[in-house]
Amino acid sequence: MRTDDALTAALNPAQLEAVTAPLGKMLVLAGAGSGKTRVLAHRIAYVLAEYQASPYSILAVTFTNKAAGEMRTRIEALLGHSIGGMWVGTFHGLAHRLLRSHWREAKLNEHFQILDSDDQQRLVRRLLKELGLDESKFTPNQVQWYINARKDEGLRAAHIEDNGNVVDRSLIKIYRAYEETCERSSLVDFAELLLRSHELWLSNADLLKHYQERFKHILIDEFQDTNTIQYAWISLLTRNDTNLMVVGDDDQSIYGWRGAKIENIHQFERDFKPVQLIRLEQNYRSTNVILEAANALIRHNDTRLGKNLWTEGKPGELITLYSAYNERDEAHYLIECIRERVSKGYARRDIAILYRSNAQSRVLEEALLQAAIPYRVYGGMRFFERAEIKNALAYLRLAVNHDDDPAFERIVNFPTRGIGDRSLITLREVARERQLSLWEAAKKVISETLLSPRACSAIEAFMQLIDRITIGLYELTLAEQVEHALTVSSLLSFYQQERGEEARGRVENLDELVSAAGQFQVEDNPQGDPLMAFLATAALEAGERQGEEGQDCVQLMTLHSAKGLEFPIVFLAGLEEGLFPHFMSATDPYRLEEERRLCYVGMTRAKEHLCLSFAESRRSRGAETMQRPSRFIQEIPSSCLQEIRPRANIMRPVNQSYYKSEAKQQQRLPTVDFYSNEQQDLHIGQGVKHKTFGRGTILNFEGNGSHARVQVRFESGETKWLVASFVELEVSF
DNA sequence: TCAGCGCATGTTTTT
DNA sequence: CATGCGCTGA
């Protein structure tokens with residue numbers, strides 16, 4: 001019991017109740033910032049100490065790799081040593097691990113590969129063509145979505161009825177063709193990992209029993225985000241005597257589009273009776289103002305379990321709201337705020353900029369780059385998703401598993417080696433007719449000379465090249481293997497010959513791939529093949545870059561990837577109708593509520609200060625569009641908000657470097673050039689000091705050059721227009 | 001066979 | 001705007 005004191009001392013009563021609850025089924029409804037990860041980690045430590053549980057008997061499941069890493073770190077910190085035989089990971093990661101261990105029982109090839117979304121889409125596109133289906137009726141995207149949605153529901157093509165519906169019949173047909181190709185190529189997509197491992201247990205009672213007996217303690221984070229197949233997976237693994245703790249928050253369910261079912265929370269209470277219910281409603285993260293605003297926002301949702309977060313913390317700063325002229329103005333404003341915070345002593349890593357969609361990061365990045373502020377973008381195009389990296393990996397994949405059709409397609413003629421479309425069409429035909437992989441089809445084409453001698457020899461040369469990669473593989477270290485593939489495939493020299501900035505970046509990325517391979521550590525199965533593990537990690541984690549913490553960086557990410565994280569300062573950018581809530585979700589009330597929850601998640605990431613911003617005009621897909629402020633802004637009580645720029649005064653911030661094409665007009669327009677004031681370090685939102693009026697904040701600018709006037713709100717409450725060149729304003733913070 | 005060009009189009013979030 | 005597609009000429 002000695003460990004208990006250290007373990008439980010810092011917990012509040014509700015947390016303590018959850019951590020020390022008797023073994024059984026437990027549902028913890030935990031609001032944002034209520035210490036849920038903490039409870040999970042402590043519970044694990046408690047079970048280990050109190051019940052002398054073996055680490056081997058513990059399974060902890062999270063949704064993102066980031067969350068899994070966080071969980072591992074916390075547990076290790078509590079225990080003072082490594083997590084040992086514990087299984088801590090994402091649903092997908094754990095399912096993959098199962099399939100690797102039991103590939104035979106799962107009816108897979110020993111060298112099966114993971115198909116990422118991009119691979120999947122290419123494959124679907126190819127199948128659509130082969131089946132001769134009208135692409136205008138079925139976009140690859142829709143088909144991909146359809147297949148994944150069915151798999152998330154646990155349904156195979158054979159399980160689905162078309163009910164006489166022509167559209168469904170076609171979709172099912174594509175789904176079936178897709179399944180067959182994956183089977184033949186020994187490929188497993190993300191949803192398949194779960195579905196396949198579920199089936200593995202269903203059809204292997206002994207195996208299931210083994211894992212049921214092993215995992216006596218199961219903990220699941222973000223339970224509101226589980227979908228049908230994940231719920232079924234957990235249900236199957238859980239027995240009456242399993243100690244199962246699930247933690248969730250219905251207000252933070254943001255993965256409905258991926259098949260997540262909030263209802264699973266209710267279903268859990270029904271399916272696993274008796275369930276002990278514990279609520280964590282005290283927030284330790286955010287200031288009162290932030291919490292009040294977030295609570296007010298989420299109250300606009302009708303379908304909630306209902307709860308109200310509270311805090312004993314200080315009221316804190318008001319949430320600032322900046323209405324920018326356009327997206328560049330927004331970016332510049334954020335930069336000024338960041339500079340100000342950094343000068344006040346905040347670390348850059350304490351500051352996060354969150355946005356709805358990845359595309360928004362670009363403008364922000366450009367501005368940060370120009371301002372020389374180090375930053376890091378999470379998500380978006382990740383390292384292992386870059387074309388040159390995928391090409392390099394495709395060579396390795398094909399070397400390991402010759403039947404990997406997507407890899408074959410990707411590199412058979414890249415760099416070009418005289419295998420053109422006509423040859424490929426023949427290869428695909430032969431493959432389809434004889435139910436072979438492309439590789440096997442290629443063998444037939446050569447032995448039966450189904451193509452011109454020149455084409456045949458080109459294909460043969462390609463196959464020999466792949467074989468040369470394969471032969472060399474086994475005596476080499478992982479890094480050498482990667483290097484070997486790069487050289488033999490002549491991919492590296494191909495990119496080296498290319499000129500231009502972009503090509504240089506590609507070569508650098510390939511170098512980085514080699515060093516990533518050098519640093520790669522096989523955590524879980526040291527006896528397994530490192531190359532296989534490396535390829536799997538590339539698909540599953542796509543480059544989370546956990547290691548390189550070196551530089552102190554401002555953090556940029558989507559709202560989705562911010563879930564589970566917290567930052568002292570949070571900027572929520574692009575709060576505009578159509579962008580957030582996204583127009584794809586705006587019409588359906590159910591999806592609109594999900595958008596609102598997403599906003600709630602974003603707001604509750606902030607510990608000390610939250611800054612919201614939107615642009616009145618935004619350039620998207622080439623055209624300038626007028627934007628309306630997001631409805632979510634109206635849903636926040638105005639008492640929580642401080643508007644930085646009164647909406648009545650809308651002016652054009654003009655800066656030549658940003659408006660090259662408008663240079664001519666610019667000279668005639670009575671413009672405001674507030675960026676030029678940077679020499680004096682003056683900008684909107686800037687704190688200043690005046691000899692007689694005291695401290696204040698700059699609200700606005702007007703005019704230019706020596707005629708420029710500055711609007712300042714002083715602490716006395718007065719707002720004054722001052723002529724900048726006449727008065728002396730001191731930068732005060 | 002393949003590079004280059006013009007045209008059309010779609011448009012979110014992640015494992 | 002960015003990507004993919006089809007067409008053309010070498």
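Chain letters run A, B, ... following the sequence lines, proteins first, then strands; residues in each count from 1.
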Show the numbers, then the answer: is there a side chain to side chain donor-acceptor pair (under 3.5 Å) between A/E222 and A/Q224?
CA-CA 5 Å; A/E222 311 278 14; A/Q224 75 282 354; 2.8 Å; yes

[X] has an atom [atom1]; how far is it from atom [atom2] of [N], in whole Å?
X      : N      : atom1 : atom2 : value
A/D189 : B/dT14 : CG    : C1'   : 14 Å
A/K66  : B/dT14 : NZ    : P     : 9 Å
A/L540 : B/dT15 : CG    : C1'   : 7 Å
A/Q121 : B/dT12 : CD    : C1'   : 14 Å
A/E594 : B/dT14 : CD    : C1'   : 12 Å
A/Q144 : B/dT12 : CD    : P     : 13 Å
A/I425 : C/dG6  : CD1   : P     : 11 Å
A/L354 : B/dT13 : CG    : C1'   : 13 Å

Measure the distance between the ring centre of A/H92 and the centre of the six-membered base ring of B/dT15, then answer whether it is under 5.5 Å with planes under 30°.
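No, aromatic ring not over the base.
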
Pi stacking test for A/W257 and B/dT13: under 5.5 Å apart, planes under 30°:
yes

Whether the side chain of A/S630 engages the backbone of A/F632 through a donor-acceptor N/O pair (distance < 3.5 Å, no angle test) should be reported.
yes

Using only atom types and a distance under 3.5 Å, with no angle test, would you say the side chain of A/H560 pairs donor to acceptor with the backbone of A/I254?
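Yes, because the side chain of A/H560 sits within donor-acceptor range (under 3.5 Å) of the backbone of A/I254.
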
Quick one: is [X] getting a side-chain N or O under 4.0 Å of the [N] phosphate, OP1 or OP2?
X      : N      : answer
A/R258 : B/dT12 : no
A/S561 : B/dT14 : yes
A/N358 : B/dT12 : no
A/S423 : B/dT1  : yes
A/N141 : B/dT11 : yes

Strictly below 4.0 Å, N to O, side chains only: are A/D251 and A/R597 in salt-bridge contact?
no

Which of the following nucleotides, [options], is nearest to the side chain of [X]?
X      : options               : value
A/R362 : B/dT1, B/dT15, C/dC1  : C/dC1
A/E595 : C/dC1, B/dT15, B/dT12 : B/dT12
A/F583 : B/dT11, B/dT15, C/dA2 : B/dT11
A/R454 : B/dT13, B/dT15, B/dT1 : B/dT1
A/R422 : B/dT12, B/dT15, B/dT1 : B/dT1
A/R125 : B/dT12, C/dC5, B/dT15 : C/dC5

Any idea how A/F494 and A/F414 line up, ring-wise: parallel (<30°), tilted (30 to 60°), or perpendicular (>60°)?
perpendicular

Interface with DNA chain B, restricted to residues 411-419 of chain A and to heavy atoms under 4.0 Å:
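Those residues are A/N413, A/T416, A/R417, A/G418, A/I419.
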
Please figure out whether A/H560 or A/G420 has its closest DNA chain B nucleotide nearer the 5' end.
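Comparing both residues, the 5'-ward one is A/G420.
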
Flag for A/E153-A/T228: side-chain donor and acceptor within less than 3.5 Å
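Absent: no donor and acceptor within the cut-off.
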
Please list each protein N or O that sits under 3.5 Å from an N or O in nucleotides 8-10 of chain C, with the distance.
none

Cation over ring, [X] on [Y], under 6.0 Å and within 45°?
X      : Y      : answer
A/R591 : A/W257 : no
A/K563 : A/Y255 : no
A/R258 : A/F190 : no

Can you list everything that forms a ring pair (Phe, Tyr, Trp, His ring centres under 6.0 Å) with A/F567? Sequence neighbours excluded, please.
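Per chain and number, A/F567 pairs via ring pair (Phe, Tyr, Trp, His ring centres under 6.0 Å) with no residue.
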
Name the residue from A/E595, A/E576, A/H582 that meets the side chain to side chain donor-acceptor pair (under 3.5 Å) definition with A/R356.
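Of all the options given, the one that passes is A/E595.
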
Report yes if a donor N or O on one partner sits less than 3.5 Å from an acceptor N or O on the other, where the partners are the side chain of A/R591 and the base of B/dT12; otherwise report no.
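Answer is yes: a donor-acceptor pair is held.
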
Counting any heavy atom closer than 4.0 Å, what does A/Y255 reach on the DNA or RNA strands: base, sugar-phosphate only, or nothing?
sugar-phosphate

